[in-house]
Number of protein chains: 2
Amino acid sequence: MRSAGGPEGRAGATPPSGDGVPADADRTARARIRDAAVYRFAVEGFGASVRAIAADAGVSAGLVMHHFGSKEKLRAECDAHLLATIRRLKRENVADAAAGQSFFHKFAAAEENAPVVGYVLRSMQDGGALAREFIDHMVTDAVDYTRDGVAAGVLVPSRDEAARARYLTLSSLGALLLEVTLSPPSDPSDLVAVVRDYLSNSYLPMMELFSEGFLTSRRMLDDYLLYVSDPPPDEAVPAPAPG
Amino acid sequence: MRSAGGPEGRAGATPPSGDGVPADADRTARARIRDAAVYRFAVEGFGASVRAIAADAGVSAGLVMHHFGSKEKLRAECDAHLLATIRRLKRENVADAAAGQSFFHKFAAAEENAPVVGYVLRSMQDGGALAREFIDHMVTDAVDYTRDGVAAGVLVPSRDEAARARYLTLSSLGALLLEVTLSPPSDPSDLVAVVRDYLSNSYLPMMELFSEGFLTSRRMLDDYLLYVSDPPPDEAVPAPAPG
DNA sequence: CCGCCGGCTGAACGCATGTTCAGTATGCTA
DNA sequence: TAGCATACTGAACATGCGTTCAGCCGGCGG
């Protein structure tokens, strides 16, 4: 399919593609490959074959190697591109982001960036560098948001703000990751639907927990605080789990 | 290594292995293969090769096929075995399990069942049937525990106990999964150390959240409750995220 | 006009995988 | 002792993978 230098050849490839966002056919093969890779990686995970990606982009497998050198480097470029996209989306939405979760909710529930969400989730499954970076960003943001919230008096202060921010972020993202992994959408375009369902199902318990707590007494917390302020002599590390 | 019918041959294989828990060499090859598979799967994930498993068990790859038919069936048997193990451990510890988390904390922090924990985490990463079953069990248990806790007056009641149990379970397990995926132990035997570190780091924020909540006012919760009791006419599904 | 260079293909290579198979050794049964 | 089922091996097969390579084609500088 698509013999080298056919009727249209790589029309419009060498000259700058011109205006705005070009249609799929009218773009650099390189860019098409990258986008196809993002999509395939999001849908199938990073085990997706170079040949499948190449087929999606309408080129040969050899060309992928020609442009990117190796599958690993291709993935690295996808990671970089995704990180840039996320940063842009974040910047665009920072205005109406009130709480830490908020950005992610809006972001993940938006139809148009299903591939981005899928890719990030895959990266989390994989433990890649992107996931680490993404989560660090989320944690940093959460620290900022909670600081503001505490200052404004709408959030309860914590004895260890950093630990709380990390805990809340890991819980939110981890739960979502687990949910999506457990019941993956049959059609990848349903990803956002699954995400939205999960978010709407967890909203009530989350709000209850955030507003009313879970334990009726402070005893376990106080016990723990007492415990860490005066630990038993034979143990350096605070504690695994008193309860 | 270990040619067919060497000096010791399959000594003690056909006759019942006799008493108690036999040493590694003195056991059915079939059992050795299964255990090696559990270990490899836990350490490397389900991409671990049949040859590697066979080598660990000290047999040829062909024998694995002879006993299990296919890699898939081998994994199915590992799943079944793990599920049985988990149920046993649960039964043994049900006595001193007070809260929903408690069992899992003790279970995951115990040195001896690192392979079990690793295998379950891998299964969650993979989205396999075992993970679904395991989590369903955890959720069911959480429902029971919270019912008891609410009845005893130590836990705040929820407007949707099932949803809360699921939310709490997915959050706990998801966060742990994410943490381990993000910074996997270099030596697989360090798994429980990583788990223990994570648990001790999240204990304070968790206790704070459970005891003191996160939001200082009930407004968001009340808004949501008002919203679901009288939803806007153009929308069937409750809500994605008001805030 | 020529030659070159870069985008691009299709076939091939090397490797790892799951699986098959013919064949060997061993213990049980008759 | 003969025969048979079973445990087991080592080589081989088929497949899919990432990657390499010789070569085609077309635009562009001389």
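Below, chain A is the first sequence line, B the second, and so on; all start at residue 1. The model shown is predicted, which means the values in this text are computed figures rather than measured ones.
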Visitor: Working note: B/M124 + B/I135, criterion side-chain contact (heavy atoms from CB on, under 4.5 Å); need CA distance, chi angles, decisive distance, verdict.
Guide: CA-CA 9 Å; B/M124 286 183 191; B/I135 286 179; 4.3 Å; yes
Visitor: Over how many whole Å does the gap from A/L63 atom CG to D/dG18 atom C1' extend?
Guide: 15 Å
Visitor: Ignoring hydrogens and geometry beyond distance, is a side-chain donor-acceptor pair present between A/H137 and A/R87 at under 3.5 Å?
Guide: yes
Visitor: Could you check which of D/dG18, C/dG18, C/dT20 has an atom nearest any side-chain atom of B/M65?
Guide: C/dT20
Visitor: What nucleic acid atoms does A/A48 come within less than 4.0 Å of, heavy atoms only: base, sugar-phosphate, or nothing?
Guide: sugar-phosphate
Visitor: To the nearest Å, how far apart are B/R30 CZ and D/dC8 P?
Guide: 11 Å
Visitor: Would you check, one step at a time, whether the test side-chain contact (heavy atoms from CB on, under 4.5 Å) holds for A/C78 with A/Y119?
Guide: CA-CA 9 Å; A/C78 288; A/Y119 192 99; 3.2 Å; yes
Visitor: Hey, would you say the A/Y167 and B/Y203 ring centroids sit under 6.0 Å apart?
Guide: no
Visitor: B/A61 side chain: which of C/dT9, C/dC8, C/dT19 is closest?
Guide: C/dT19
Visitor: Within the structure shown, what part of the strands sits under 4.0 Å from B/S60 by heavy-atom distance: base, sugar-phosphate, or nothing?
Guide: base
Visitor: With a 4.5 Å cut-off on side-chain heavy atoms, are B/H66 and B/R30 touching?
Guide: no
Visitor: To the nearest Å, how far apart are B/I33 CD1 and C/dG18 P?
Guide: 14 Å
Visitor: Where do B/R75 and B/E72 land on the salt bridge (charged side-chain N to carboxylate O under 4.0 Å, His left out) test, with the steps shown first?
Guide: CA-CA 5 Å; B/R75 183 183 163 180; B/E72 206 176 330; over 6 Å; no
Visitor: How many whole angstroms separate atom CD1 of A/I53 from atom C1' of C/dC8?
Guide: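 Result: 18 Å.
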Visitor: Output the residues of residues 66-75 of chain A in contact with DNA chain D, where contact means a heavy atom of the residue under 4.0 Å from an atom of the strand; sort by number or write none.
Guide: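 The stretch gives A/S70, A/K71 as the residues lying under 4.0 Å from the strand, ordered by number.
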Visitor: Please state whether the base of D/dG18 and the side chain of A/R51 form at least one donor-acceptor pair under 3.5 Å?
Guide: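 Indeed there is one.
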